[in-house]
Number of protein chains: 2
Amino acid sequence: MSLPHAILTALLEKPSSGLELTRRFDKSIGYFWSATHQQIYRELGRLETDGLIRALPSEQPARGQRKSYEVLPAGRAELARWTAASQDPRPMRDTLLLRMRAAAVVGTAGLGQDLRRHLELHRRQLAEYEEIEKRDFPPGRDSSQDRLRHLVLRAGIDLETFWTRWLTHALEEFPEDVPGPGTA
Amino acid sequence: MSLPHAILTALLEKPSSGLELTRRFDKSIGYFWSATHQQIYRELGRLETDGLIRALPSEQPARGQRKSYEVLPAGRAELARWTAASQDPRPMRDTLLLRMRAAAVVGTAGLGQDLRRHLELHRRQLAEYEEIEKRDFPPGRDSSQDRLRHLVLRAGIDLETFWTRWLTHALEEFPEDVPGPGTA
DNA sequence: AATAGCATGTAATCGGTTACATGATTAT
DNA sequence: ATAATCATGTAACCGATTACATGCTATT
């Protein structure tokens, strides 16, 4: 549904090959729309077939050769159409909240440890976002593009902040079930 | 991945038929793990085959007849195992943030209207959660089960609060593109 | 008895995930 | 030269979504 449009956005920001797109999805784009390289290659094929993008003519299309793509006018038009179209929010699916509710029924044994792990992951993500904000959005710049992209980053920061706070609060319900000596 | 465990949790809270489960997923459970009735019926069949749940013996299993299920000990054990197991967070996929980033490239025309619609949806969801909190978690009760379930609800409230704030802030970037007279 | 809608399903499709394959490039 | 890794794919699977089918119940 949205993967082709994520790719169009990325290619408009900068024409890229499949691998470059994969790298960028691992970094910035994937922060709110993740994709694997298999998805990306398949979708690039479809987008080219549909006439929304094309391979940059300078490169030769042999297997194992880098092939870069750029967006055609039809692709830009499709992205503009999709961006403006009315779309319902996707149904929520959060495993952590589900497990918390399950724990209310079957007990909290073992869950605290994984909550602490998640807390650490969210703290790291938050720190990474804040680094990006410091680097890319210093105070006192404000082109329209910058403001929109900054908004997206702020959403990421605020979401990670929410999770770290919630997990910290939640962990008060969990006794320090120190992991035992185990089998080591 | 998580649907069977969502169903096990729901059935442990209260044995139910397929339709009752569907209703409950539309209400409380579905707030963090949505499912359609087709998914639910298929999964009930699998869970019964696997010996994790069973149909309540009192009811006859004819088509079009209500059939209620309860969780067997093996089902409870599986849910406890899954709840405690270490699980990585799922990759993020948010259409709204993606569209915002696309708008930075192709322009914001038309997007503001849908943002306002989303803002209204999130406000309503927030109001619903706050009603539930007032009704089910009055101040001064604190069984362990209550605290865990309250935590889950607080996550919902805080998430909806985040979205309403973020959307309100984001809309400052959008000129009042009043919908034209249209074709009416 | 006819109709509406309640309750339980089946089938087709589609996107995402995992596992595997293969040609090109780089390092030793 | 060989091995490791880079880069681009293909195939099989799996869960979720959408559309459709069928039997039962209540209303008129």
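Heavy atoms only: backbone and side chains are in, while hydrogens, waters and symmetry mates are out. Every chain is numbered from 1 and lettered A, B, ... according to where its sequence line falls, protein lines coming before strand lines.
A donor-acceptor contact shorter than 3.5 Å is absent between the side chain of A/E160 and the backbone of A/Q125. Side-chain atoms of A/W166 never come within 3.5 Å of backbone atoms of B/R154 as a donor-acceptor pair (strictly under, hydrogens ignored). The backbone N or O of A/K14 sits less than 3.5 Å from a side-chain atom of A/S16, completing a donor-acceptor pair. Proximity of a side-chain donor or acceptor of A/E20 to a complementary backbone N or O of A/S17 within less than 3.5 Å is detected.
For the pair A/E43 CD and D/dT8 P, the interatomic distance rounds to 16 Å; values are reported in whole Å. Protein atom CZ of B/R46 is 14 Å distant from nucleotide atom P of C/dG9, rounded to whole Å. Spacing between atom CG of A/L44 and atom C1' of D/dA7 amounts to 13 Å, rounded to whole angstrom units. In this entry the distance linking CG of A/L47 with C1' of D/dT8 reads 16 Å, nearest Å. One can place CG of B/D88 at 10 Å from P of C/dT18, the figure rounded to the nearest angstrom. Counting to the nearest Å, the P atom of C/dA7 and the CD1 atom of B/I40 are 14 Å from each other. Here the P atom of nucleotide D/dG9 and the CG atom of A/L21 are 12 Å apart, to the nearest Å. Rounded to a whole Å, the OH atom of B/Y41 is 13 Å from the C1' atom of D/dT22.
When the nucleotides D/dG9, D/dA16, C/dG16 are ranked by their closest atom to the side chain of B/L3, D/dA16 comes out on top. Out of D/dA16, C/dG16, D/dG9, the shortest distance to the side chain of A/K67 is found at D/dG9.
Using a 4.5 Å heavy-atom cutoff, the side chains of A/T83 and B/T108 are not in contact. In this structure, A/R149 and A/F137 have side chains that are in contact, with non-hydrogen atoms separated by less than 4.5 Å.
Regarding contacts with the backbone of C/dT17, a side-chain N or O of A/Q39 is found under 4.0 angstrom from either OP1 or OP2. Distances shown here put every side-chain N or O of A/R93 at or beyond 4.0 Å from the OP1 or OP2 atom of C/dG16.
Residues of residues 4-20 of chain B having a heavy atom closer than 4.0 Å to DNA chain C, listed by number: B/S17, B/G18, B/L19.
Every residue two or more places apart in sequence or in another chain that forms a side chain to side chain contact (heavy atoms under 4.5 Å, CB included) with A/R54 is listed here: A/E70, A/L72. For A/Y129, the ring pair (Phe, Tyr, Trp, His ring centres under 6.0 Å) partners are A/Y31, not counting sequence neighbours. Among residues two or more places apart in sequence or in another chain, the side chain to side chain contact (heavy atoms under 4.5 Å, CB included) test is passed with A/D114 by A/R99, A/R117, A/H118, B/S86, B/Q87.
Contact annotation for A/R90: no contact, since no heavy-atom pair falls under 4.0 Å across all strands.
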Is there any protein nitrogen or oxygen under 3.5 Å from a nitrogen or oxygen in nucleotides 11-14 of chain D, and what are the pairs?
none

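Where B/H37 and A/H37 meet DNA chain D, the nucleotide closest to each residue was compared, and A/H37 sits on the side nearer the 5' end.
The bend of the helix from C/dA1-D/dT28 to C/dT28-D/dA1, defined by the angle between the axes of its first five and last five pairs, stands at 0° to the nearest 10°.
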